[in-house]
Number of protein chains: 2
Amino acid sequence: MPNDKPAAFSIDGPASGVTRVKRTRGGPKGLRITDVATAAGVSPITVSRVFNSPETVAPETLERVRGVVQKLGYVPNRLAGGLSSSKSRLIAAIVPTIAHSLFSETIQVFSETMSKAGYQVLLALSGYSDTSEEALLDAVLSRRPEGVLLTGVAHTDSLRERLRNVGIPIVETWDMTDTPIDMLVGFSHYQVGVAVAERFIARGVRYPGLVSANDDRAIARITGFRARFAHEGICNIADVIVSPPSSVLVGKAALPELLARMPQLDAVFCGSDLLAIGVLGEAKRRGIDVPSQLSICGFGDLEFASETSPTLTTVRVDGTHIGLNAAQCLLARLRGEQHASISDVGFHIVERETV
Amino acid sequence: MPNDKPAAFSIDGPASGVTRVKRTRGGPKGLRITDVATAAGVSPITVSRVFNSPETVAPETLERVRGVVQKLGYVPNRLAGGLSSSKSRLIAAIVPTIAHSLFSETIQVFSETMSKAGYQVLLALSGYSDTSEEALLDAVLSRRPEGVLLTGVAHTDSLRERLRNVGIPIVETWDMTDTPIDMLVGFSHYQVGVAVAERFIARGVRYPGLVSANDDRAIARITGFRARFAHEGICNIADVIVSPPSSVLVGKAALPELLARMPQLDAVFCGSDLLAIGVLGEAKRRGIDVPSQLSICGFGDLEFASETSPTLTTVRVDGTHIGLNAAQCLLARLRGEQHASISDVGFHIVERETV
DNA sequence: CTGAAAGCGCTTACAG
DNA sequence: CTGAAAGCGCTTACAG
């Protein structure tokens, strides 16, 4: 490994052509662009161009430099490059959680799309975290990302303000609002609640219940659900609020609670498919027929849910589509194009009782 | 927003105390550490200390600087900080995919643990990618991460060599080898295959089949499975190799293929729980009783699998444990401690036929 | 198509 | 406990 750097506090020898006292920081730290430049007989700027604008470099020069890069195993330092160019090539994705969640496929596609475009994804998990949202945002912004994907729109005014002020493209996802920070790819959880209520109402449901976490999006669904039922004159809705992470077991435990509060219970709207599967299992165990005696609706359409439980209704959202769309929003902006602010990707309710 | 930077090609005024020609690059770019220092009446070094070693700063100074930081909304530039200190505070996680996968919970816990320790996670998806593994590694190393989590151990010699040479802690996960690059937290997929074969053998299985992808870990499981059956004199194993992503539908389609090749089929080892659920569903549709006529084993223990399909056997691996353990390995090394190289977290087979 | 000079915003390694 | 000088490894904004 070539290393022309002088030892700490040494005086450069004649070989380097310089004679002045220098201080180095730490030992040899690997290859620098100057090492490649020297070996290839060009200036550092030319090496930089080979990486960042190869089309501006003469073909022979390009080939020669690339050969040296290959031979030496040089990898540019993007901390330096980013600092110098103000282009970090980093995109932050702020997500509550990626475990067993709908968001994981959004992040998957988002990340794939971004990396094809030459960006890398900094993953920031906001849920179940010890650090506050402000601290998380500080950590994220300290990397000087060129864009940010947010999951959900419910942030404090302070956060929204700060994000707006950094002046980079922001895309909010998995939710809906009239006043996004910048761009938005999502759908209305309130409308999901309304739609599920309408299915239940069409089935003649009179005594609905719900099992849900109480994050902002879940609350929006609940609100829509309640509002639609209220419109039918049904205001007595049994609810069990659970804390994340939701699971099959939590769903199982919720049904007895609902029944205790409302013995005539004839429908349950669940905050996730895992919860719905739990409620379904518990219902079967109690000899309650689904859906004739009890309608159950989940949320998320984890693939297995409808496949394994034909009696389960669920709300399907295309997380892949959200991820792709969000990436494209950001990329368009990074190319300097204008881009539509709000994109409603919708949802649909999946019923497979006939399967 | 204070901005003392001179306009392009201007001459600094007397206010700055310097009189020389300067060239600036682009317009004002936000707050710098010097802006905070000036406003707080201290030097930039002191501001730096407030962030990086607050215990070395006088309490009053600390408070004053923090007040200014808060008021101005200053966020340090970690590109600059990382370049200067050679501490990127970045950890790379290289994962085939996070969508519907076992890895997502590993990454979840890994990321949580790392962020508590002051590191951020750079997510690099290696599967289904257009870019080669070499290009992915280049992209990752260009960020100068202080550590790397890898999923799986099967890399080319070139990759292993490069990773070893960067001299940062590396932890390989979700697999087993005697010769890790550095540290390892995983288990033997070969032994998983052997263990599943033994379950089947104990049940009197004579005509086993398998449905699987052909990634390195899946192949190791298959190899163990075949080897154990060969030991019983059973070498004729029907197999259907599917390409990822695996799904319930792929599993459904695989069963007829297996039956065509081996009509007496009495067991199927599936590469994932999703595949297993598909095989199970198709078996039921065809009136094949599970498990009396056909034993089915999945891999992964997605929570729902055993809950929704009591007749399904599956192999459970604690991905959460792997993520936590891997993070701790890396953190120990980053603190300069020695750390055990290989940690076998094991697996266990879950059977819930009696539920 | 190529290069010398200056600067990006921090931190290190001292000295006091 | 605090600071002036030098440097981290790149790229910009010119000029030729």
Side-chain angles (χ1 to χ4, degrees), chain A residues 3-6 8-9 20-38 40-62 64-65 74-89 142-144, chain B residues 3-6 8-9 12 17 20-38 40-62 64-65 74-89 142-144:
Chain A
N3 177 33
D4 296 326
K5 295 171 72 181
F9 288 87
R20 68 194 159 85
V21 176
K22 257 181 148 185
R23 196 161 57 173
T24 55
R25 315 170 60 172
K29 297 221 189 68
L31 294 167
R32 295 147 301 174
I33 201 168
T34 49
D35 298 318
V36 176
T38 305
V42 294
S43 71
I45 308 100
T46 300
V47 178
S48 174
R49 284 188 186 112
V50 168
F51 285 99
N52 301 313
S53 50
E55 69 284 359
T56 68
V57 178
E60 313 89 84
T61 311
L62 196 60
R64 181 155 37 94
V65 173
Y74 170 71
V75 178
N77 184 332
R78 271 196 193 268
L79 296 173
L83 172 61
S84 185
S85 67
S86 298
K87 286 188 176 61
S88 65
R89 294 290 172 203
S142 75
R143 304 289 176 182
R144 300 299 188 261
Chain B
N3 176 33
D4 296 325
K5 296 169 69 184
F9 289 84
D12 281 346
R20 68 193 157 89
V21 176
K22 257 180 149 189
R23 196 159 58 170
T24 55
R25 315 172 58 173
K29 298 218 190 68
L31 294 168
R32 295 147 302 173
I33 201 170
T34 49
D35 297 319
V36 176
T38 305
V42 294
S43 72
I45 306 99
T46 299
V47 179
S48 173
R49 285 189 186 110
V50 168
F51 285 99
N52 301 312
S53 51
E55 70 285 358
T56 69
V57 178
E60 314 88 83
T61 312
L62 196 60
R64 181 155 38 94
V65 173
Y74 169 71
V75 178
N77 183 333
R78 272 195 193 269
L79 296 173
L83 174 60
S84 185
S85 65
S86 298
K87 286 188 176 59
S88 65
R89 294 290 170 202
S142 74
R143 304 290 175 184
R144 300 298 187 261

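Only heavy atoms go into these numbers, but all of them, side chains included; no hydrogens, no water, no symmetry mates. Per chain, numbering begins at 1; letters A, B, ... match sequence-line order.
The phosphate of D:dG9 (OP1 or OP2) has no side-chain N or O of A:Tyr74 nearer than 4.0 angstrom. OP1 or OP2 of C:dT11 lies within a sub-4.0 Å distance of a side-chain N or O belonging to B:Ser48. Here A:Ser43 reaches the OP1 or OP2 of C:dG3: one of its side-chain N or O atoms lies under 4.0 Å away.
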Would you mind writing out the side-chain donor-acceptor pairs for residues 51-59 of chain B within the sub-3.5 Å range, not counting sequence neighbours?
unit_1: B:Asn52; atom_1: ND2; unit_2: B:Ser48; atom_2: O; d: 3.2
unit_1: B:Asn52; atom_1: ND2; unit_2: B:Ser48; atom_2: OG; d: 3.3
unit_1: B:Ser53; atom_1: OG; unit_2: B:Thr56; atom_2: OG1; d: 3.4
unit_1: B:Thr56; atom_1: OG1; unit_2: B:Ser53; atom_2: O; d: 2.8

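The A:Ser84 side chain lies nearest to D:dT11 when the options are C:dA4, D:dT11, C:dC10. For A:Arg32, the listed nucleotide lying nearest its side chain is D:dC10; candidates were D:dC10, C:dG9, D:dT11. Of the candidate nucleotides C:dG9, D:dC10, C:dT2, C:dT2 has the atom lying nearest to any side-chain atom of A:Thr46.
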| task | Verify side-chain contact (heavy atoms from CB on, under 4.5 Å) between A:Arg64 and A:Val42, making sure each step is shown before the conclusion. | result | CA-CA 10 Å; A:Arg64 181 155 37 94; A:Val42 294; 3.9 Å; yes
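Sorted by residue number, the members of residues 49-58 of chain B with any non-hydrogen atom under 4.0 Å from DNA chain D read B:Arg49, B:Thr56, B:Val57, B:Ala58.
A:Thr34 comes within contact range of no nucleotide atom at all, as no heavy-atom separation falls under 4.0 Å.
Put simply, CZ on B:Arg144 is 9 Å from P on D:dG9, counting in whole angstrom units. Between the CG atom of B:Asn77 and the P atom of D:dC8 there is a distance of 18 Å, rounded to whole Å.
Paired runs in DNA chain C that reach 3 or more consecutive Watson-Crick or G-U pairs, where each pair keeps both distances under 3.5 Å, cover C:1-3 with D:14-16, C:5-12 with D:5-12, C:14-16 with D:1-3.
In terms of position along DNA chain D, the nucleotide closest to B:Ile45 lies nearer the 5' end than the nucleotide closest to the other residue of the pair B:Leu83 and B:Ile45.
At distances below 3.5 Å, not a single donor-acceptor pair connects side-chain atoms of B:Ser84 with backbone N or O atoms of B:Ala80.
The minimum heavy-atom distance between A:Ser88 and B:Leu79, with the atom names listed, is CB-CD1, 4.0 Å.
By the side-chain contact (heavy atoms from CB on, under 4.5 Å) test, A:Arg89 pairs with A:Arg78, A:Lys87, A:Tyr119, A:Glu146, B:Arg143, sequence neighbours left out.
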